[in-house]
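Scroll down for the structure; my scribbles are underneath it.
Values below: every heavy atom of this structure, side chains too, minus hydrogens, waters and symmetry copies. The sequence lines fix the lettering, A, B, ..., with proteins before strands; numbering per chain opens at 1.
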2 protein chains.
Amino acid sequence: MSLILQNIAKHIALTVKEQELFLSKIEIQHFNSKTILAQSGQVCKNSYFVNSGIVRSFNINDNIVEHIMTFACAGWWISDMYSLISQKPGDLFIEVLEDAEIIVLSKENQEILYQEIPKFERFFRILIENSLVANQERLMDNLSLSAEERFEKFQNKYGDLQHKIPQKQIASYIGVTPEFFSKMKNRLLKR
Amino acid sequence: MSLILQNIAKHIALTVKEQELFLSKIEIQHFNSKTILAQSGQVCKNSYFVNSGIVRSFNINDNIVEHIMTFACAGWWISDMYSLISQKPGDLFIEVLEDAEIIVLSKENQEILYQEIPKFERFFRILIENSLVANQERLMDNLSLSAEERFEKFQNKYGDLQHKIPQKQIASYIGVTPEFFSKMKNRLLKR
DNA sequence: AATTCTTCTTAATCTAGGTTAAGTGACAAA
DNA sequence: TTTGTCACTTAACCTAGATTAAGAAGAATT
């Protein structure tokens, strides 16, 4: 539970009362692997903060091909921002990859937090700024780097996550087919 | 001048006094085409709001290849978010493509606005949320769509901008070489 | 008017990564 | 124990888009 308070304390200072109010607005839940937290075609109602376990978000295009938007491990927030903001049906799935303890913050409670503790505007602004920066970097990487270089960046960003998830999901994240990823990985091992 | 007040009014309501305070914190400047507003390797000190004209941000990788992050036309904000937030040297250039009237908001004044009119936390949070969503969509498009489809999306997003800028910059935005773009365009015309 | 730059084009050739297909091993269900 | 499913591999072949190079036409400098 302290993980999320630490996460908040990095950016804003809450009084004890504010902490209590915040805690009253969230819910801790345990989800098993393969649980779907949000679905393409439906309105996303929550933000999720991962206490433990692994979660991913991805979309599926016409072809049945999955593309991973992001992974979230302990200490990360995850949601379908488009759907959450617009309250229209989104096109992301959010799925638990490894049994997880997750803090659920509903959209309504988030709005209430903004009203009751305006500092949370700042907190979430900073969170989103950081996501935006990370996302812009990833976009540029996809425009200018080779698959090998993108894999290297993935490794730096996610550390040992690579050994906890099926490798076809790493392929999907860096934007290549599982077959090509397998070939590439072997090429790298032989060096 | 009213353009930026409209832009703000879309998300937060300011009193007349607050409007005046805001206006005292910004500066209107006119820049000619080719002016560089921010440079790779330097700390970005401002956010820019385009009143008229066209601006772009891009980076240059080892090879001398440019990759366009975004275009900004009248009514759009543009900056190097990474550098602006972290106040470390960035890797984007921001350049005027067509003579422009631009509102300059310095990082310091932006921080002052947050303090004096906390509603601005909300305003910029919403702006950044929208950028994040747009950026995530573009990332997914780059992972899953062909060059042709990405061009179509560019056209939908930027309308007649395509006739105001050199076509090699469209190529750079969608992530192909100018040669390939030229070929592709002719293929499309022949349909 | 001549020169230089820049943008755009065309075409030949090349390659990173995709597609298809077949096979292996691990493990879960029946 | 068999059947199925899933993750991964290997290999042959294919293609979107890159690279290289050359030339044309307009715009900008001299």
Residues in side chain to side chain donor-acceptor pair (under 3.5 Å) with [X], at least two apart?
{"X": "B:Q136", "result": "none"}
{"X": "A:E149", "result": "A:S146"}
{"X": "B:T177", "result": "none"}

Show which side-chain atoms of residues 157-173 of chain B pair as donor or acceptor with protein atoms under 3.5 Å away, not counting sequence neighbours.
residue: B:Y158; atom: OH; partner: B:T70; partner atom: OG1; Å: 3.3
residue: B:Y158; atom: OH; partner: B:F71; partner atom: N; Å: 3.4
residue: B:Q162; atom: OE1; partner: B:Q155; partner atom: NE2; Å: 3.2
residue: B:S172; atom: OG; partner: B:E66; partner atom: O; Å: 3.1
residue: B:S172; atom: OG; partner: B:I68; partner atom: N; Å: 3.1

Nearest-Å distance for atom pair [atom1]/[atom2], residues [X] and [N]:
{"X": "B:L143", "N": "C:dG18", "atom1": "CG", "atom2": "P", "answer": "11 Å"}
{"X": "B:Q162", "N": "C:dC8", "atom1": "CD", "atom2": "P", "answer": "12 Å"}
{"X": "B:H163", "N": "C:dT7", "atom1": "NE2", "atom2": "P", "answer": "18 Å"}

Tracing side-chain links under 4.5 Å among I, L, V, M, F, W and Y, which residues wind up in one group with A:M81?
-> A:Y82, A:I85, A:I128, A:L132, A:V133, B:M81, B:Y82, B:I85, B:I128, B:L132, B:V133

Heavy-atom protein contacts under 4.0 Å, nucleotides 14-30 of chain D, coded B base, S sugar-phosphate only, - none = ---BBBBB---------

Do any side-chain nitrogens or oxygens of B:K185 fall under 4.0 Å of OP1 or OP2 in C:dC8?
-> no

Starting at the 5' end of DNA chain C and moving along, which residue's nearest nucleotide shows up first, B:Q169 or B:N186?
-> B:Q169

Can I get a per-line list of side-chain donor-acceptor pairs under 3.5 Å for residues 7-14 of chain B, giving both atom names and the distance, sequence neighbours left out?
residue: B:N7; atom: OD1; partner: B:W77; partner atom: NE1; Å: 3.1

Output yes when a side-chain donor or acceptor of A:K25 lies under 3.5 Å from a complementary backbone atom of A:L105, and no otherwise.
-> no

Donor-acceptor contacts, no H, no angles, side chain residues 92-104 of chain A, under 3.5 Å, sequence neighbours left out:
residue: A:E95; atom: OE1; partner: A:R56; partner atom: NE; Å: 2.7
residue: A:E95; atom: OE1; partner: A:R56; partner atom: NH2; Å: 2.7
residue: A:D99; atom: OD1; partner: A:S33; partner atom: N; Å: 2.7
residue: A:E101; atom: OE2; partner: A:N51; partner atom: ND2; Å: 3.2

Would you write out the dot-bracket form of DNA chain D, 5' to 3', with Watson-Crick and G-U pairs under 3.5 Å, [ ] for crossing pairs, | for pairs to other strands and . for unpaired bases?
-> |||||||||||||||||||||||||||||.

